[in-house]
Amino acid sequence: MSFVSFFSFPVNAEWLNVSCQQLYPERSGCWEERYLHPEEEGQDLTEKLNSQLQAAAAVKLKAFLRLQIQEFLKLLFEGPRRGGRWMVHDQQLLFLDIMSQGDDYLEGIEENADIDGFESKSESAGNYVKRPRNVMVDALGLYTVNAIYGDTITMPCPLEVPDGLMFGKWKYEMPNGSPVFIAFRSSTKKNVQYDDVPDYKDRLSLSENYTLSIKNARISDEKRFVCMLVTEDDVSEEPTIVKVFKQPSQPEILHQANLLETEKLQMLGECVSRDSYPEGNVTWYKNGRVLHPVDDVVVINLQKIVDRTTGLFTMTSSLQYMPTKEDVNAKFSCIVTYYGPSGQKTIQSEPVVFDVHYPTEKVTIQVLPQSSTIKEGDNITLKCSGNGNPPPQEFLFYIPGETEGIRSSDTYIMTDVRRNATGEYRCSLTDKSMMDSTTITVHYLDLQLTPSGEVTKQIGENLPVSCTISSSRNATVFWIKDNTRMQTSPSFSSLQYQDAGNYVCETTLQEVEGLRKRQTLKLIVEGKPQIKMTKKTNTNKMSKTIICHVEGFPKPAVQWTVTGSGSITEETKYVNGKFSSKIVIAPEENVTLTCIAENELERTVTSMNVSAISIPEYDEPEDRSDDNSEKVNDQAKLIVGIVVGLLLVALIAGVVYWLYVKKSKTASKHVDKDLGNIEENKKLEENNHKSET
């Protein structure tokens, strides 16, 4: 048993439909029922076809195809699809497996024989291919011309022009098989005539080589045209199948839903593509992935309508869809798949995004502005939100201490909050479902300075000062005097003039930005004028300088009275309630000088006698500084303490000694006892004398 390939041709699946329609014009849906998919393999032709091919193996191939074409097509469309002898491979429809009992069935067919227009494809195989002439040759040897809707159809005559040609004609066949002649050309008179066929009026053109052109291709031009060449001895005919293609318009998604609700099957839209031939197919996509039909979730209905005038198809695919929350911002589109002269193609619509509505599943409360700390005096906004779409517009806000919620929009504003606003705040939907809470702490800082403001005290008086802090957290306290930070808090047991000034007690909460308090104490230390006068002879021995040292606040005014002549040289700067006034004189005789200091509290007068310049006079040192005075006072106190301590030690030593002597000695003899008593008395008298001293 041998296997021989008779011939192979390019696959053009559309011709099957045309042939089916020509064979069975009364059928509807012929294409869908009998379409031959190029990717399928093993198409059945039944044993009847195999036996006919075997019996006709010695007949010329072309003659066999002419005689058996009708029967072949009937078997092709009516036979079973499995176990046959047609194979599709690499876009080629192949005649395979012509079974024989030997080479007897192949008599008359030689591998290199020329069989009426067929040529050997290879020297090692019996494959014969009809050479195409700008047309496609299908598996049956039929010429097919593919044309674009609206363009010109060009059909070369498949026949070779024979010698002795008289004329040529073109005709097309009606569905019932009756011919309609449309063009005639005489080879002798060189004239062309076109038959009066309304559908082809002013559309035909027949060239000298009998190529027929039809302008403005229409769907109705899909026919079986026949080129007929006539000689005196023979009439030759060869058919050509015309296929017309029309690319559809870009699909559009119409009647779009305004919004989509989750858990609800609803019409998303209709994908419409117009003016297609043959009809195309519509596929829906979501985010670039095909949407396949799912019961009660994805429902797709495709409708194809043909225009009776043009024969063009309009495809309308409706999509019913049940969205989920994940479909937010999803891109829906549709693609139309259609067939053109070069095969299958697609056109995609513009993507569409739908507003997906879904219920709220969670409520969230926020404090605005989003600061880590809140202090007294701040304004607070509570914002409540739900994660549904659209989000809820109204909520219930629960304030600390309130049992009933306050109905409001998504915000609740509190201005100038106080410390009593600290607590838990909640919000919920108006039906009191889904609640969220947050805790707010309002930080505060209180400062109480006692005394504060302007305080006037007399020199030497006591002034207790306290700065009390109350805060929500640990606060930092510091003192400032006259814009200089102090190391310790002020304490006034005996006020001095240098204690006067502007005191500031300031406190802050470092964790809370902007929370700072301060109070001021303006301390005024007043005192009556105090005067001390000193004198000294100048180094030139020609004059003497008299100094009036003045203390007091407010600053006293100083006046001098002098018998004789003198001049005030300078007045020192007033610092801490003290200053001095100097006068230089050169007295001819003894004089008396008077210094008068006066302020709002009192008038003080002090006088000093000054000898004549010729009389020697001990100079008096100027007043020492306050620091030196304090050192002298400290030294005096130390000396007094030492003396008192020594006296106490001596007294204690005498008492101890007396007790010891009294207990340790026994009177063995009366004389010794008396002597001992006398000696003890003497010692006691001496000790008593020392103690008194």
Side-chain angles (χ1 to χ4, degrees), residues 14-15 17-28 30-31 66 69-70 73 133-136 138 140 142-162 165-231 234-246 275-278 306-313 341:
E14 288 77 6
W15 68 267
N17 183 45
V18 175
S19 301
C20 179
Q21 294 287 358
Q22 291 174 349
L23 288 172
Y24 310 108
E26 71 282 357
R27 282 191 179 183
S28 60
C30 186
W31 172 278
R66 285 181 177 178
I69 186 62
Q70 295 294 333
L73 290 173
R133 301 172 182 175
N134 299 322
V135 295
M136 178 175 287
D138 61 25
L140 301 179
L142 299 177
Y143 290 88
T144 300
V145 174
N146 293 328
I148 301 298
Y149 184 87
D151 289 354
T152 299
I153 304 172
T154 302
M155 290 182 287
C157 182
L159 297 170
E160 294 184 6
V161 178
L165 178 65
M166 298 174 57
F167 61 86
K169 276 191 172 187
W170 276 90
K171 64 181 179 179
Y172 66 85
E173 297 178 354
M174 298 289 288
N176 58 8
S178 60
V180 177
F181 290 93
I182 55 175
F184 167 85
R185 185 181 188 91
S186 173
S187 62
T188 57
K189 298 182 179 180
K190 306 296 183 183
N191 65 326
V192 179
Q193 296 178 3
Y194 301 104
D195 294 84
D196 186 14
V197 179
D199 286 346
Y200 293 97
K201 185 177 181 180
D202 301 327
R203 296 176 58 209
L204 301 177
S205 175
L206 185 59
S207 65
E208 292 184 358
N209 62 354
Y210 297 95
T211 296
L212 179 65
S213 299
I214 305 175
K215 296 185 296 184
N216 191 21
R218 304 172 184 174
I219 304 303
S220 59
D221 293 332
E222 276 201 343
K223 296 183 178 69
R224 177 187 173 95
F225 290 85
V226 178
C227 177
M228 183 174 62
L229 299 181
V230 179
T231 63
D234 190 14
V235 175
S236 300
E237 294 183 353
E238 190 68 37
T240 298
I241 304 299
V242 172
K243 287 290 297 180
V244 179
F245 297 91
K246 171 67 170 65
D275 300 334
S276 172
Y277 193 87
V306 62
D307 188 319
R308 295 183 179 180
T309 303
T310 62
L312 300 177
F313 287 89

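From a predicted model like this one, the values you see are computed outputs, not experimental measurements. Hydrogens, waters and symmetry mates are skipped; everything else that's a heavy atom, side chains included, is used.
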K.L.:
What residues, two or more places apart in sequence or in another chain, satisfy salt bridge (Lys or Arg N to Asp or Glu O under 4.0 Å) together with Lys171?
P.N.:
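Lys171 satisfies salt bridge (Lys or Arg N to Asp or Glu O under 4.0 Å) with Glu237 once adjacent residues are dropped.
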K.L.:
Residues two or more places apart in sequence or in another chain: which of them pass side chain to side chain donor-acceptor pair (under 3.5 Å) with Asp196?
P.N.:
none
K.L.:
Thr211 versus Thr154: any side-chain heavy-atom pair under 4.5 Å?
P.N.:
yes
K.L.:
Listing request: all disulfide (SG to SG under 2.5 Å) pairs with a residue in residues 200-229, at least two apart in sequence or in separate chains.
P.N.:
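Matches after skipping sequence neighbours: Cys157-Cys227.
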K.L.:
Which residues pass the side chain to side chain contact (heavy atoms under 4.5 Å, CB included) test with Thr310, not counting sequence neighbours?
P.N.:
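Tyr149, Asp307, Leu312.
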K.L.:
Applying side chain to side chain donor-acceptor pair (under 3.5 Å), can you list everything that pairs with Ser213, at least two apart in sequence or on another chain?
P.N.:
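Testing Ser213 for side chain to side chain donor-acceptor pair (under 3.5 Å), a comparison that skips the adjacent residues, returns none.
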K.L.:
In Å and rounded to the nearest 0.5 Å, what is the CG to NZ distance from Asp199 to Lys223?
P.N.:
6.0 Å
K.L.:
Looking at Arg203 and Asn216, would you say the former's side chain and the latter's main chain have a donor-acceptor pair under 3.5 Å?
P.N.:
yes
K.L.:
Nearest heavy-atom pair of Thr231 and Leu165: which atoms, and what distance?
P.N.:
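Minimum heavy-atom separation between Thr231 and Leu165: CG2-CA, 3.9 Å.
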K.L.:
Under a 4.5 Å cut-off applied to non-hydrogen side-chain atoms, are Ile214 and Thr152 in contact?
P.N.:
no
K.L.:
By side chain to side chain contact (heavy atoms under 4.5 Å, CB included), which residues pair with Lys190, not counting sequence neighbours?
P.N.:
none
K.L.:
What heavy-atom pair brings Asp195 and Ala183 nearest, and what distance separates the two atoms?
P.N.:
OD1-N, 3.3 Å
K.L.:
Once rounded to the nearest 0.5 Å, what's the spacing between atom CE of Met166 and atom OG of Ser187?
P.N.:
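Those atoms lie 7.5 Å apart.
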K.L.:
Can you name the residues that form a side chain to side chain donor-acceptor pair (under 3.5 Å) with Thr309, not counting sequence neighbours?
P.N.:
none
K.L.:
Tell me which pairs pass ring-ring contact (aromatic ring centres under 6.0 Å, His included) where either residue lies in residues 185-210, with sequence neighbours left out.
P.N.:
Tyr172-Tyr200
K.L.:
Atom CG of Asn146 and atom CD1 of Ile241: how far apart are they, to the nearest 0.5 Å?
P.N.:
11.5 Å
K.L.:
State, to 0.1 Å, how close Tyr277 and Gly311 come at their nearest heavy-atom pair, and which atoms those are.
P.N.:
CD1-O, 3.4 Å
K.L.:
Could you measure the distance from the CZ atom of Arg224 to the OG1 atom of Thr144? Nearest 0.5 Å is fine.
P.N.:
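Interatomic distance, Arg224 CZ to Thr144 OG1, rounded to 0.5 Å: 10.0 Å.
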K.L.:
Rounded to the nearest 0.5 Å, what separation is found between the CH2 atom of Trp170 and the CZ atom of Phe181?
P.N.:
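Here the interatomic distance stands at 12.5 Å.
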K.L.:
Side chain to side chain contact (heavy atoms under 4.5 Å, CB included) with Phe167: which residues, sequence neighbours excluded?
P.N.:
Lys169, Phe184, Val230
K.L.:
Taking all atoms of both residues into account, what is the closest heavy-atom pair of Arg185 and Leu206, and its distance?
P.N.:
NH1-O, 3.1 Å
K.L.:
OG1 of Thr240 to CD1 of Ile153: how many Å apart, nearest 0.5 Å?
P.N.:
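Result: 11.5 Å between the selected atoms.
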K.L.:
Identify the two heavy atoms, one from Leu229 and one from Val161, that lie closest to each other, and give their separation to 0.1 Å.
P.N.:
CD1-CA, 4.0 Å
K.L.:
Sequence neighbours left out, what passes side chain to side chain donor-acceptor pair (under 3.5 Å) with Arg218? Give chain and number order.
P.N.:
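Once residues adjacent in sequence are excluded, Arg218 has no partner under the side chain to side chain donor-acceptor pair (under 3.5 Å) criterion.
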K.L.:
Residues in side chain to side chain contact (heavy atoms under 4.5 Å, CB included) with Asp202, at least two apart?
P.N.:
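Listed in chain order: nothing, the list is empty.
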